Number of protein chains: 2
Amino acid sequence: MTQQALAAPVADKTPRTARGQRTVRAILDAAAAEFGERGYHEGSIARIAQRAGVAIGSFYTWFDSKEAVFRALVADMSRQVREAVVPHILAAPDRLAGERAGLAAFLDFVRTHKALYRIIDESAFVAEDAYRAHYVSVAAGYASSLEQAFGKGVVSDGDWQVRAWAIMGMNVFLGLKFGVWDEGRPTAEIAAAAHALISDGLAPRR
Amino acid sequence: MTQQALAAPVADKTPRTARGQRTVRAILDAAAAEFGERGYHEGSIARIAQRAGVAIGSFYTWFDSKEAVFRALVADMSRQVREAVVPHILAAPDRLAGERAGLAAFLDFVRTHKALYRIIDESAFVAEDAYRAHYVSVAAGYASSLEQAFGKGVVSDGDWQVRAWAIMGMNVFLGLKFGVWDEGRPTAEIAAAAHALISDGLAPRR
DNA sequence: TACAGAGTTGAATACTGGTTCAGGTTTCAG
DNA sequence: CTGAAACCTGAACCAGTATTCAACTCTGTA
């Protein structure tokens, strides 16, 4: 699941050998699967170790606690989502078109990474600060990117803070509904409808 | 906190006397406080009983399990939010103005009922079906109300499903950001900015 | 006043699962 | 080859806490 290099564990607990690195990766992947399926509280260290094919003791060689792996996972995931979505936004001709492409990419990501999506959501209760950090940083990115688009005349003037959080919330809920719960409709279709809403609003054309 | 009559406990566990009713109410209120502060998993039955001023045994007279109170709470809360918000929407001259009034009311509600807000959110992981039921029903209400507004010519035609979930997500995130995390700005201001976005979109006026 | 059903009590039970630790095994530089 | 550092092992420990239960108290009706 997590194919990438691992948000580093804690303190001096960094692997010094290739062997150690492999173990850490295996544990992170196992943890992602375990927490994704069972959730944080139902998920168990023993099962994570088993999935990873290592002993419980090895787990504690690399992570200080259950919460520690979880936090490492959130950071890792936060990065993955961004990496999956941002390029699509940047590749689009303008910010508004980017919003549409970004949402479609996000929905696709969610559909293929439901576990990760769930983990980030659950971090709100297990690691509030990590959760906040994730969304605050995403929102900041949104706000500045929107403001920049305003400079180019692509979007109207307005409250960047509110707009950023609003759009983010929209995307998250569309991800939940049409990514996790209901795969019955093509992601592009959802993205198009959402794009229309964000772009022109609900008011009838005057 | 919960001043209203209690989503009924389970099966035959309904109080037959005023005395019993008082106890159930006390337990529900205590549970709201406990879960609101510590979250579901950190919250303890012993502490709920203590807060309610009853013995642990009494708790089990009225609720089958920890999860049972939590579910009762979610239902109760779902109702409270609705009751706090819907009247404002209905009182407005039209659906779009209602959206604005509704959001302001929602933000006010969240600021004064943070525990409830947290409980509903956490239900996503403790009682997925209850969480789903809550949002699915809210979304359905949104969708039909929007469609009705379309009939009156107040909003443009579009994808009701997507619009409903999008707006709901918007509101939830604005509630998180400007209701729970950051009370620095007046709720009316947030609602106005959000209203502008929903109503006219981001595209510059043509 | 007396009895029955409704409510109450909280110590004891039962169990789960995170964390520790006292050794083994592997790896690799010298 | 060799020894020390890096890693691995998993049974045992332990703390926390949901749930049970057998006995007790209230309350209101006859």
Side-chain angles (χ1 to χ4, degrees), chain A residues 6 8-35 37-73 122 125-127, chain B residues 6 8-35 37-73 122 125-127:
Chain A
L6 28 158
V10 208
D12 57 320
K13 300 214 162 189
T14 320
R16 259 151 254 254
T17 350
R19 190 190 178 195
Q21 260 170 42
R22 251 177 286 134
T23 303
V24 170
R25 166 90 53 50
I27 292 175
L28 273 177
D29 290 351
E34 174 76 3
F35 289 141
E37 277 173 33
R38 315 246 224 211
Y40 180 75
H41 292 281
E42 302 304 312
S44 96
I45 301 289
R47 238 181 331 253
I48 289 175
Q50 195 172 31
R51 280 185 198 253
V54 302
I56 293 184
S58 291
F59 174 92
Y60 284 94
T61 302
W62 304 116
F63 296 93
D64 280 331
S65 65
K66 188 180 184 182
E67 195 181 316
V69 228
F70 191 79
R71 284 177 179 278
L73 233 38
E122 193 162 17
F125 304 95
V126 177
Chain B
L6 28 158
V10 209
D12 57 320
K13 300 213 163 188
T14 321
R16 258 153 255 254
T17 352
R19 192 189 177 197
Q21 260 171 42
R22 251 177 286 135
T23 303
V24 169
R25 164 90 53 49
I27 292 175
L28 274 176
D29 291 350
E34 174 76 3
F35 290 141
E37 276 173 34
R38 326 237 304 183
Y40 180 74
H41 292 281
E42 302 303 312
S44 98
I45 301 290
R47 235 179 337 252
I48 288 175
Q50 195 171 32
R51 281 185 198 253
V54 302
I56 294 183
S58 291
F59 174 93
Y60 283 94
T61 300
W62 304 116
F63 296 94
D64 280 330
S65 64
K66 189 181 184 181
E67 195 181 315
V69 227
F70 191 79
R71 284 177 178 278
L73 232 39
E122 194 162 17
F125 303 95
V126 176

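Computed from a prediction, not measured in an experiment: that's the story for all the values here. What's counted below: heavy atoms across the whole structure, side chains too, no hydrogens, waters or symmetry copies.
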Taking the basic N atoms (NZ, or NE/NH1/NH2) and the acidic carboxylate oxygens, is any pair closer than 4.0 Å for A/R47 and A/E37? no

Selection: residues 38-55 of chain B, any non-hydrogen atom under 4.0 Å of DNA chain C: B/V54, B/A55

Tell me whether the side-chain N/O atoms of [X] come closer than 4.0 Å to OP1 or OP2 in [N].
X: B/T23; N: C/dG7; answer: no
X: A/S58; N: D/dT9; answer: yes
X: A/T17; N: D/dC7; answer: yes
X: A/W62; N: D/dC7; answer: no

Does any part of the side chain of [Y], heavy atoms only, come nearer than 4.5 Å to the side chain of [X], both counted from C-beta?
X: A/F35; Y: A/K66; value: yes
X: B/V69; Y: B/Y40; value: no
X: A/F70; Y: A/E122; value: yes
X: B/R71; Y: B/F63; value: no

If you draw a 6.0 Å radius around CD in B/Q50, do more than 12 non-hydrogen atoms from other residues or ligands fall strictly inside? no

What is the distance, to the nearest angstrom, from the CZ atom on B/R22 to the P atom on C/dG7? 11 Å

In this structure, how many angstroms lie between the P atom of C/dA6 and the CD atom of B/Q21, rounded? 14 Å

Can you give me the bend angle of the helix from C/dT1-D/dA30 to C/dG30-D/dC1? Use the axis through the first five pairs and the one through the last five, nearest 10 degrees. 10°

Treating A/E34 as the side-chain partner and A/S44 as the backbone partner, does any N or O pair qualify as donor plus acceptor under 3.5 Å? yes

